[in-house]
Asker: 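The structure under discussion is supplied below as structure tokens; questions concerning it will follow.
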Amino acid sequence: MTLALTLTLMLGSTAAPSAPGVSADTLRLEVGSTAINGRVYAPHSARVRVQVGPADSKPITEWTNQLTLGDSAGRPIMRWVTRGTRSAPDGSTQTWEILQTYDRETLAPYGYFRTSSTGAFMRLTIEGTRVRGTRRTPPDTAVQLVDLVLQRPGFIASASDLVPLAAGLKEGAVMTAPVWGPNMTDSEVRIFTVLGRAPIQIEGTEWNAWKVEERRLTDQKLLATWYLVEESPYMVYGEVPLPDGRIQRMTEVAIPHAPR
């Protein structure tokens with residue numbers, strides 16, 4: 001998918017912008033909401049493969065996710081380790097590692113540390129709306145300071161699929177949640193709509209998964225479609241529309257869990 005953070009529950013007490021799919025019974029989540037149960041995620045390891053274009057395209061990116069549990073100053077936390085490889089058009093490969101720490105119960109992000117074989121890195125600590133740390137992007141050699149204040153705390157955008165399952169899935173459920181990522185200047189609200197169960201086969205395994213759409217609240221743009229299950233690997237398939245009209249497809253399978 002990471003040290004202190006004080007957060008509050010805000011559920012529906014403030015008016016939300018009117019938008020299709022958002023109604024009075026929409027579950028309005030905020031970082032720190034007790035409506036989120038991060039304990040649904042057990043320690044596990046999984047492997048993700050990414051294709052762009054047709055379903056039979058050769059994977060261009062692969063990574064593994066590993067979840068372990070611990071505590072920080074008596075607070076239960078999740079530690080996510082992601083290690084990936086991407087193939088470039090010239091045949092070269094790029095590798096990276098991402099270490100993230102979340103609150104085990106609320107999924108509140110506490111830290112995000114990324115390193116890459118390109119020499120780029122990012123080390124961020126997150127305390128509510130305050131994001132601080134350092135970063136270096138290729139081909140820069142200078143280290144840049146990061147000191148950002150968000151309008152509202154956000155769940156990590158690259159792990160947005162964790163939120164719906166932790167909030168509870170049922171057909172027709174609609175929930176909103178703010179998300180933020182290291183390449184974003186501020187958090188933004190996303191709408192998650194549970195369309196129902198959908199059978200899907202991933203690498204020989206048949207799943208009866210929950211199909212969930214993720215859209216941006218402001219313009220209703222479809223950002224992703226997730227297929228989620230209540231056991232490892234939790235997200236078995238995802239589709240992300242790309243700006244050029246192609247589809248990025250992600251398949252995920254469980255692998256032996258051997259924490260390092």
Side-chain angles (χ1 to χ4, degrees), residues 1-5 45-53 57-68 70 72 77-102 107-150 153-162 179-188 223-224 233 235 238 240-244 246-252 255 257-260:
M1 240 147 309
T2 84
L3 67 36
L5 191 58
S45 296
R47 186 255 299 149
V48 178
R49 285 179 175 157
V50 179
Q51 303 162 281
V52 174
S57 300
K58 181 180 178 181
I60 61 171
T61 303
E62 181 174 312
W63 68 78
T64 59
N65 291 320
Q66 181 185 90
L67 169 63
T68 58
S72 176
I77 60 172
M78 297 176 167
R79 294 189 177 97
W80 291 89
V81 178
T82 300
R83 297 183 176 95
T85 303
R86 180 179 179 85
S87 300
D90 63 3
S92 63
T93 58
Q94 178 187 125
T95 61
W96 71 89
E97 180 179 76
I98 306 174
L99 310 178
Q100 298 177 77
T101 305
Y102 300 159
L107 303 182
Y110 294 157
Y112 181 98
F113 310 138
R114 176 180 177 129
T115 56
S116 168
S117 59
T118 65
F121 71 83
M122 180 178 296
R123 300 185 180 95
L124 304 175
T125 58
I126 305 165
E127 301 178 12
T129 58
R130 190 78 177 269
V131 181
R132 288 179 286 187
T134 57
R135 68 186 300 174
R136 183 174 65 207
T137 58
D140 295 339
T141 56
V143 175
Q144 305 169 16
L145 295 178
V146 177
D147 193 344
L148 181 65
V149 178
L150 308 176
F155 300 98
I156 295 298
S158 58
S160 62
D161 58 293
L162 296 179
V179 305
W180 173 82
N183 295 320
M184 298 170 64
T185 58
D186 204 352
S187 55
E188 66 180 28
L223 301 178
M235 190 282 287
V240 175
L242 299 177
D244 62 6
R246 294 184 298 169
I247 299 295
Q248 176 176 289
R249 308 172 193 275
M250 293 165 284
T251 58
E252 187 166 11
I255 59 176
H257 184 58
R260 299 184 186 181

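Quick caveat: nothing in here was measured; it's all calculated off a predicted structure. All values below come from the heavy atoms of this structure, side chains included, with hydrogens, waters and symmetry mates left out.
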Asker: State the OH-CD1 distance between Y112 and I156, to the nearest 0.5 angstrom.
Answerer: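 It comes to 7.5 Å.
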Asker: Kindly write out the residues that satisfy salt bridge (Lys or Arg N to Asp or Glu O under 4.0 Å) with R130, not counting sequence neighbours, or none if the list is empty.
Answerer: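 Listed in chain order: D147.
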Asker: Which residues satisfy the side chain to side chain contact (heavy atoms under 4.5 Å, CB included) test with S160, sequence neighbours excluded?
Answerer: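 V179, F192, E214, W226.
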Asker: Atom OG1 of T134 and atom CG of L124: how far apart are they, to the nearest 0.5 Å?
Answerer: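 Between T134 OG1 and L124 CG, I get 7.5 Å after rounding to 0.5 Å.
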Asker: Given side-chain contact (heavy atoms from CB on, under 4.5 Å), test F155 with L162 step by step and report yes or no.
Answerer: CA-CA 9 Å; F155 300 98; L162 296 179; over 6 Å; no
Asker: Can you list the residues that meet the salt bridge (Lys or Arg N to Asp or Glu O under 4.0 Å) rule with R136, with sequence neighbours excluded?
Answerer: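 Scan of R136 (salt bridge (Lys or Arg N to Asp or Glu O under 4.0 Å), adjacent residues dropped) gives none.
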Asker: Out of curiosity, L148 CG to R132 CZ, how far, rounded to the nearest 0.5 Å?
Answerer: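 Spacing of CG (L148) from CZ (R132) equals 11.5 Å.
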Asker: For the CZ atom of R49 and the CE atom of M250, what is their distance to the nearest 0.5 Å?
Answerer: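 Spacing of CZ (R49) from CE (M250) equals 15.0 Å.
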Asker: For the atom pair CD (Q144) and OG1 (T137), what is the distance rounded to the nearest 0.5 Å?
Answerer: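 Nearest 0.5 Å value for the CD-OG1 distance: 5.0 Å.
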Asker: Nearest 0.5 Å, please: how far is CZ in R86 from OG1 in T118?
Answerer: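 Here the interatomic distance stands at 12.5 Å.
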Asker: Are T95 and R83 close enough that some pair of their side-chain heavy atoms sits under 4.5 Å apart?
Answerer: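 No, too far: nothing below the 4.5 Å cut-off.
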Asker: In this structure, which one of I126, T129, T185 forms a side-chain contact (heavy atoms from CB on, under 4.5 Å) with W180?
Answerer: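 Among the candidates, only I126 passes.
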